[in-house]
Enquirer: 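Can you keep this structure in mind? I'll have questions shortly.
Sequence positions, counted from 1, serve as the residue numbers for this chain.
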Amino acid sequence: NQIGFVCFSHSDEFAGCIIVSQMAKKQKDVMIMTGIFVPEQFRGLGICTELIQMCVSKLQTIGKNGFLFQIYLFQKYYSRY
């Protein structure tokens, strides 16, 4: 059971996406973020924040009561800072 959102720019370029999945069969009201991505040229514009807000809002309207974030730090990304 998954829900996702895709974001496109005004020029119809892919600008990001988010996917959430049901946590467990017995916990149908809890979802976990299993993926979020924004291409480098669109980062810093608040797209991730907007995707998360849209997703949480949708989950609330369909009766989901919990939302967990799954965070990965990749060496390539982390080593730049």
Side-chain angles (χ1 to χ4, degrees):
N1 193 7
Q2 295 182 322
I3 297 171
F5 292 92
V6 178
C7 178
F8 292 95
S9 70
H10 290 292
S11 59
D12 209 31
E13 290 180 84
F14 172 75
C17 63
I18 186 170
I19 300 170
V20 294
S21 302
Q22 186 174 304
M23 184 71 175
K25 288 183 181 182
K26 292 184 179 182
Q27 293 180 326
K28 293 183 180 185
D29 63 337
V30 178
M31 303 294 281
I32 185 167
M33 183 180 68
T34 53
I36 190 163
F37 176 74
V38 173
E40 194 168 339
Q41 68 267 28
F42 293 106
R43 293 180 188 163
L45 301 174
I47 293 172
C48 276
T49 301
E50 186 65 26
L51 285 168
I52 291 169
Q53 288 174 344
M54 287 175 55
C55 191
V56 169
S57 178
K58 175 65 175 179
L59 292 175
Q60 290 172 338
T61 63
I62 62 173
K64 304 297 182 183
N65 297 316
F67 184 70
L68 301 172
F69 291 89
Q70 187 174 355
I71 299 172
Y72 297 102
L73 290 177
F74 295 102
Q75 181 64 32
K76 182 179 176 184
Y77 174 78
Y78 189 75
S79 65
R80 289 191 282 171
Y81 297 98

Enquirer: State plainly whether one hydrophobic cluster holds both V6 and I3, where clusters connect Ile, Leu, Val, Met, Phe, Trp and Tyr through side-chain heavy atoms under 4.5 angstrom apart.
Expert: no
Enquirer: Where do L51 and C7 come nearest, in terms of heavy atoms and distance?
Expert: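 Here L51 and C7 meet closest at CD2-CB, 4.2 Å.
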Enquirer: Among the clusters formed by ILVMFWY side chains lying less than 4.5 Å apart, do F37 and M54 turn up in the same one?
Expert: no
Enquirer: Which value, rounded to the nearest 0.5 Å, describes the distance between M33 atom CE and C55 atom SG?
Expert: 9.0 Å
Enquirer: Let me check something: any side-chain donor-acceptor pairs from residues 8-24 under 3.5 Å, sequence neighbours excluded? List them with distances.
Expert:
| unit_1 | atom_1 | unit_2 | atom_2 | d |
| --- | --- | --- | --- | --- |
| S9 | OG | S11 | N | 3.3 |
| S9 | OG | S11 | OG | 3.1 |
| S9 | OG | E13 | N | 3.0 |
| S11 | OG | E13 | OE2 | 3.2 |
| S21 | OG | Q2 | NE2 | 3.1 |
| S21 | OG | T34 | OG1 | 3.3 |
| Q22 | OE1 | N1 | ND2 | 3.1 |
| Q22 | NE2 | A24 | O | 3.1 |

